[in-house]
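Just below is one structure, and these are the notes that go with it.
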Amino acid sequence: LVAGNTLLDMYIKCGSIDCASKVFKELHERDAVTWNSLISGYTELCDFSSALKIFSDMQADGIRPDKVTVLNALKACGGGGCLAQGRLLHCSSHLIEIEVDLSMENAIMDMYCRCGSMEDAEKVFTHSPIVDVVSWGTIIEGYSLQGRFEMVGQYFHDMRMQGMVADEGIFSSVFSACCHVGHVNEARNFFVSMREDQRVTPNMLHFNCMADLIGRIGHLADAQKFLESMPTHAS
RNA sequence: UUCUGGCGG
């Protein structure tokens with residue numbers, strides 16, 4: 001069983017979903033891991049409807065979904081923008097004796113964000129007994145995707161107030177929001193704070209957003225100077 | 001062997 005699952009996983013990691021599904025069909029024994037691998041394989045390829053189809057096949061086959069199953073299914077719902085199905089998962093996961101821990105809460109929030117329902121995402125966030133940098137990042141990225149810069153700033157501020165340190169991912173979302181709405185000065189402030197207060201090393205994406213913004217207001221020489229100040233080893 | 005946020009893979 002483990003050998004079969006390992007083989008299946010190998011094909012998925014290589015991107016050969018066809019070989020993977022062939023292996024899947026030939027397996028005479030399948031457990032939750034087998035199904036989970038295939039669901040995540042389709043999700044990785046952005047074939048969300050196939051992923052959700054496998055998810056329902058799994059249940060039809062009498063295999064009980066575990067935590068990983070639900071995490072993968074939530075991701076597929078988010079990717080496919082299937083709000084109704086995602087909501088159903090959210091509501092039923094409590095019932096089918098799956099513990100709703102932090103990673104589950106975060107996945108649920110992410111699903112709502114991608115489905116465009118920030119209201120639901122915020123509700124989950126607010127009611128979470130504990131949140132981490134991923135939770136904050138999920139909400140911030142959610143607002144960033146919607147171009148809601150004021151909310152990005154708000155949540156970033158709240159996060160700092162609670163003593164949470166931002167990481168590279170948070171700043172990627174923040175800069176992308178700045179870029180989206182063309183807020184140069186705000187971005188500058190974030191850039192300075194990133195290095196001085198929070199000791200996050202700016203990466204290439206961060207530098208690009210900054211240069212784009214500076215260039216956009218016509219300060220091409222500044223933008224160039226800025227890019228030249230970028231360390232060559234920046235990742 | 002399958003596992004939550006940005007970019008990458």
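First the proteins, then the strands, lettered A, B, ... as listed; each starts at 1. Please read all numbers here as calculations on a predicted model, not as lab measurements.
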> Starting at CZ of A:F24 and ending at P of B:U1, how long is that distance when rounded to a whole Å?
Replying inline: 20 Å

>> Measuring to OP1 and OP2 of B:U4, would you say a side-chain N or O of A:K75 lies under 4.0 angstrom away?
In response: yes

> So, A:H180 versus A:S144: side-chain donor-acceptor pair below 3.5 Å or not?
Replying inline: no

>> Checking A:D9 against A:S37: is there a side-chain donor and acceptor pair closer than 3.5 Å?
In response: no

> According to the interplanar angle, ranging from 0 to 90°, do the rings of A:F190 and A:F171 count as parallel (below 30°), tilted (30 to 60°) or perpendicular (above 60°)?
Replying inline: perpendicular

> From B:U1, B:C3, B:G6, pick the nucleotide closest to the side chain of A:E141?
Replying inline: B:G6

> Quick one: which of B:U4, B:U1, B:U2 gets closest to the side chain of A:S103?
Replying inline: B:U4

>> I'd like to know if the side chain of A:T34 and the backbone of A:N5 have a donor-acceptor N/O pair within less than 3.5 Å.
In response: no

>> Check whether A:R216 reaches the backbone of A:C179 with its side chain - one donor and one acceptor, N or O, closer than 3.5 Å.
In response: yes

> When all nucleic acid strands are considered with a 4.0 Å heavy-atom cut-off, which category describes A:D167: base, sugar-phosphate, or nothing?
Replying inline: base

> In whole angstrom, what separates A:L205's CG from B:G9's P?
Replying inline: 12 Å

> Checking all strands, does A:R114 fall into the base, sugar-phosphate, or nothing category for heavy-atom contacts under 4.0 angstrom?
Replying inline: sugar-phosphate

> With a 3.5 Å cut-off and just heavy-atom distances, do the side chain of A:D9 and the base of B:U1 make a donor-acceptor pair?
Replying inline: no

> Mapping A:H206 and A:S40 onto RNA chain B by nearest heavy atom, which one lands closer to the 5' end?
Replying inline: A:S40

>> Can you tell me whether the side chain of A:N203 and the base of B:G8 have a donor-acceptor pair closer than 3.5 Å?
In response: no

>> For a quick check of understanding: with a heavy-atom distance under 4.0 Å over all strands, which category does A:T138 fall into, base, sugar-phosphate or nothing?
In response: sugar-phosphate

> Given atom CG of A:L102 and atom P of B:U4, what is their separation to the nearest angstrom?
Replying inline: 12 Å

> Rounded to whole angstrom units, what separation is found between the CG atom of A:L8 and the C1' atom of B:U2?
Replying inline: 9 Å

>> In whole Å, I'd like the distance from the CD1 atom of A:I170 to the P atom of B:G6.
In response: 11 Å

> Nearest to the side chain of A:V134, which nucleotide is it out of B:U1, B:C3, B:G5?
Replying inline: B:G5

> Starting at the 5' end of RNA chain B and moving along, which residue's nearest nucleotide shows up first, A:D66 or A:E44?
Replying inline: A:D66

> How many Å lie between NZ on A:K67 and P on B:U1, as a whole number?
Replying inline: 17 Å

>> What is the separation between atom CD on A:E99 and atom C1' on B:U4, rounded to the nearest whole Å?
In response: 13 Å

> Can you check whether A:Y143 reaches A:F149 side chain to side chain, under 4.5 Å on heavy atoms?
Replying inline: no

> Counting side-chain heavy atoms from C-beta on, which of B:U4, B:G6, B:U2 comes nearest to A:N106?
Replying inline: B:U4

>> From NZ of A:K13 over to P of B:U1, roughly how many Å is that when rounded to an integer?
In response: 9 Å

> Do A:S172 and B:G6 share a donor-acceptor pair, side chain to base, under 3.5 Å?
Replying inline: yes

